[in-house]
Amino acid sequence: MTGDANYLFPFTRRQFIKTVGATSLLLCDPVGISLAGNATGEKLHGLSSFGELKYSANFEHFGYANAGAPKGGLFAFSPPNWGMNQNTQTFNTLNSFVLKGAAPPRMELCFDTLMTRAIDEPDALYCAVSKSVEISADRNSYIFELREEARFHDGSMLTADDVVFSFNIIKEKGHPQLSQDMINLDEVNRLSSRIIELRFNGKQSDRVILALASSIPIFSKTFYHKREFDSSNLEAPMGSGQWRVGKFSAGQYIEYDRVKNYWAANLPFASGLNHFDTLRIEFYSERIAAFEAFKKGAILWREEFTSKVWATEYDFPAAKSGKVIQKYFPGELRPSMQGWAINTRRKRFSDIRVRKAIGHCFDFEWTNKNLFYDAYTRSQSLFEKSSFKAEGKPAPEEIALLGSLKGEIPDSVFDTAPLQPISNGSGNDRKNLRTAFGLFQAAGWTTKDGKLVDDEGTQFSIEFLNRSKSFEKILGGMTSNLRQLGIKTTIRFVDPSQYQARVEDFNFDVTSSAFSFSPSPTAEEIRKFFHSEVSEIKGSYNTPGIRLTVVDQLIGKLSDVKTRNEMIIVMRCIDRVLRAYQFWIPNWYAANHRVAMWDMFGWQEPKPDYAFPVESLWWHDKGKAKMSGKG
């Protein structure tokens, strides 16, 4: 994530119930979120946290799909989100499912999964490669029957052997962002050539199946018979999805071609989606170069993450003539967070007071006014724009849960939820800087010859790791304030591959971190971000190195929740505890997507509430394209 981005992850995004009244209503509504609402011993066409599905077993296509949209055209775009080992600035491998290397975004589109998410429902999956799923009586097993027509791109059948291989190889060698969901998956069993069983150990949250069934790509076992799965190379792996790798040049561009004879094109989960003939992604190390490519028409669609550019720089000829347009689209109903992660694995950042002191040196009010054109709201929570955000003093239900942890967590957790300091907007708020200095002193740091030093005379130093210079101005005021306190402060810009390697190896002081969560997070999902056991797993989302037993215990409580009310209480408690420890310096967020595009596309309104996969939903409009000179 680079720039003043309201960046959010692929599966990811944005606007939730905000008012106190709405929150209170939720707390009074005992909506069940356990999979107990899904029947056992029956062949089901879908699964939902709430036990209710929007679409019946005989649905024709999703409501956000357009079966009548024209096929064809090129969609050259800048991906606004990515995951795993993917990189938008360069790539040197086509293996997106391991830790090694830098892969291009959207490689996952080349693969099918057992089930697929409906992005107009918060937590619903529908059968894809599988034609049915059956839950065992003890709810520890899920039996999937595969579709007979499922095929890989070479025409070979997709069988139970391929599914078993895929789940096992991801668990053994896959990227931790995928494999960590499998910690309680005991066995993947082949029951017949078209039936497989996922058996858990009983410790899983019953909703973890929603992540696994929709995110684990199905590989060809035959393809990997003589190939190493975890190798990093530029051979396109065999897929079964609606897209396949087309032309590419490592580090420069990649094209994905729509599979014209895709086996599932007319099935409900795929019908009316993926209209373009080709998706093209170009790679630039800096945003300025990418913006210039957009102005020339080499890139046709981009989400603008730099508020200054959005406000002042869309004045080039194509924009003035109306060939390029700017448009807002509402954000998704998903909790999200963006901030600078402070690496507590390094001793000098292990003290809460030090992290709070650093936070007092960031003047958001000045930054928002002078650099962001007042486009953003300050982030406070790990779960912004959601009912999971802790606000005010804990509710009685929260106190009941937190009470057992008293003495193990800061007393402030039982008070008003922590808020970031508000400045006078000068960029150099003396009051905040005095508070920061007092916190450093309380943590044992003193001033000597204008330097902030420890008892051995070693100067406090801090390095902000970045891969784009678009953050330079944003960090400029903060670094100036830190230097006033006697801190050796640097901003380190490294190339994309080095940046990715350093973050994955936790080799940094402070770096940007942005993510979003599903509307109803599972214990396994939250565990990947905040649990002690993943703090030293390379490539994990636990960027700051959180190692708190109390947080581990609260995450465990998520496995036991039976209603949405219970989940909200646990999530708010997690939010309160983590915010009290200031592992991040929270950044900012916006309510909408800011999209700039050449006016040559069609789309269906309204957009889905829970995702914004433009490359799958939109289509080429020949009439508009002709008017824009792109026909």
Side-chain angles (χ1 to χ4, degrees), residues 43-45 47 84 93-98 103 106-117 125-134 141-175 177-179 181-182 185-200 208-233 235-245 256-257 259 261-267 269-270 274:
K43 291 187 176 182
L44 307 174
H45 73 287
L47 297 172
M84 296 172 289
T93 179
L94 295 180
N95 188 349
S96 186
F97 305 103
V98 296
R106 303 305 185 261
M107 276 301 299
E108 67 276 7
L109 297 180
C110 299
F111 300 88
D112 279 320
T113 51
L114 288 172
M115 305 183 79
T116 190
R117 286 189 178 272
L125 301 188
Y126 293 86
C127 288
V129 166
S130 65
K131 67 179 181 181
S132 69
V133 56
E134 182 177 334
S141 289
Y142 296 83
I143 297 174
F144 293 90
E145 183 177 357
L146 308 183
R147 297 184 191 270
E148 295 179 1
E149 60 266 48
R151 294 290 187 276
F152 288 104
H153 292 157
D154 64 353
S156 60
M157 293 182 65
L158 189 158
T159 70
D161 291 325
D162 299 305
V163 178
V164 171
F165 167 78
S166 301
F167 274 77
N168 284 334
I169 201 70
I170 287 290
K171 184 174 183 179
E172 179 187 355
K173 297 182 177 182
H175 195 285
Q177 291 173 13
L178 293 174
S179 62
D181 279 330
M182 296 181 169
L185 179 64
D186 263 6
E187 298 176 342
V188 185
N189 298 316
R190 177 190 187 276
L191 303 185
S192 76
S193 63
R194 309 218 66 78
I195 299 177
I196 68 105
E197 176 194 38
L198 302 182
R199 171 160 285 279
F200 294 86
V208 70
I209 190 64
L210 301 180
L212 293 180
S214 63
S215 66
I216 303 302
I218 299 176
F219 307 112
S220 167
K221 181 180 179 181
T222 300
F223 178 83
Y224 285 105
H225 179 65
K226 294 183 178 180
R227 296 172 174 87
E228 291 295 326
F229 174 77
D230 55 353
S231 64
S232 179
N233 59 57
E235 180 183 16
M238 181 64 64
S240 62
Q242 298 195 54
W243 299 91
R244 58 159 41 108
V245 174
Y256 298 100
D257 296 330
V259 178
N261 60 342
Y262 175 52
W263 68 271
N266 297 317
L267 291 177
F269 76 89
N274 298 294

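We number each residue from 1, following the sequence as shown. Because the structure is a prediction, the values reported are computed rather than measured.
Applying the salt bridge (Lys or Arg N to Asp or Glu O under 4.0 Å) definition to pairs two or more places apart or across chains, those involving residues 145-170 are Lys43-Glu145, Lys131-Glu145, Asp161-Arg190. Here side chain to side chain donor-acceptor pair (under 3.5 Å) pairs that include residues 216-230, with residues two or more places apart or in two chains, are Arg227-Glu235.
Annotation: side chain of Glu197 is not in contact with side chain of Val188 (no heavy-atom distance under 4.5 Å). Side-chain atoms of Arg244 and Met238, non-hydrogen and from C-beta on, never get closer than 4.5 Å to each other. Counting heavy atoms from C-beta outward, Ile143 and Ile196 have side chains that stay 4.5 Å or more apart. The closest side-chain heavy-atom distance from Ile170 to Asn168 is not below 4.5 Å. By the 4.5 Å heavy-atom criterion applied to side chains, His45 and Tyr126 are counted as neighbours. The shortest distance between side-chain heavy atoms of Leu47 and Val133 falls below 4.5 Å. By the 4.5 Å heavy-atom criterion applied to side chains, Val163 and Phe144 are not counted as neighbours. Put simply, the side chain of Val245 reaches to within 4.5 Å of the side chain of Cys110, judged on heavy atoms.
The shortest heavy-atom contact between Trp263 and Ala128 is CH2-O, 4.0 Å. The heavy-atom pair separating Phe167 from Leu185 by the smallest distance is CD2-CD2, 4.2 Å. Pairing each heavy atom of Ser166 with each of Ile216, the nearest pair is O-CG2, 4.3 Å. Looking at every heavy atom in both residues, Ile218 comes nearest to Ser240 through O-OG, 4.4 Å. Pairing each heavy atom of Asn95 with each of Ala103, the nearest pair is O-CB, 3.9 Å. Scanning both residues, Cys127 and Met115, for their nearest heavy atoms gives N-CE, 3.9 Å.
A side-chain donor-acceptor contact under 3.5 Å links His153 to the backbone of Gly241. Side chain of Ser130 to backbone of Leu114: a donor-acceptor contact under 3.5 angstrom is found. Remark: the backbone N or O of Ala211 is paired with a side-chain donor or acceptor of Ser215 at under 3.5 angstrom.
Atom CZ of Phe269 is separated from atom OG1 of Thr113 by 8.0 Å, given to the nearest 0.5 angstrom. Going from atom NZ of Lys173 over to atom CG of Leu178 covers 15.5 Å, rounded to the nearest 0.5 Å. Atom-to-atom distance recorded for Glu172:CD and Ser179:OG is 11.0 Å, nearest 0.5 angstrom. Note that OH of Tyr142 is 12.0 Å distant from CD of Glu134, once rounded to the nearest 0.5 Å.
Asn274 and Trp243 share a side-chain donor-acceptor pair at under 3.5 Å. Of the N and O atoms on the side chains of Ser231 and Asn233, at least one donor lies less than 3.5 Å from an acceptor on the other residue.
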*Check the pair Leu146, Ile195 against side-chain contact (heavy atoms from CB on, under 4.5 Å), reporting the backbone distance first and the verdict last.*
CA-CA 6 Å; Leu146 308 183; Ile195 299 177; over 6 Å; no

*Apply side-chain contact (heavy atoms from CB on, under 4.5 Å) to the pair Leu125 and Ser214, showing each step before the final yes or no.*
CA-CA 7 Å; Leu125 301 188; Ser214 63; 3.7 Å; yes

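Paired with Phe229 under the rule ring pair (Phe, Tyr, Trp, His ring centres under 6.0 Å), one option of Phe223, Phe97, Phe219 passes, and it is Phe219.
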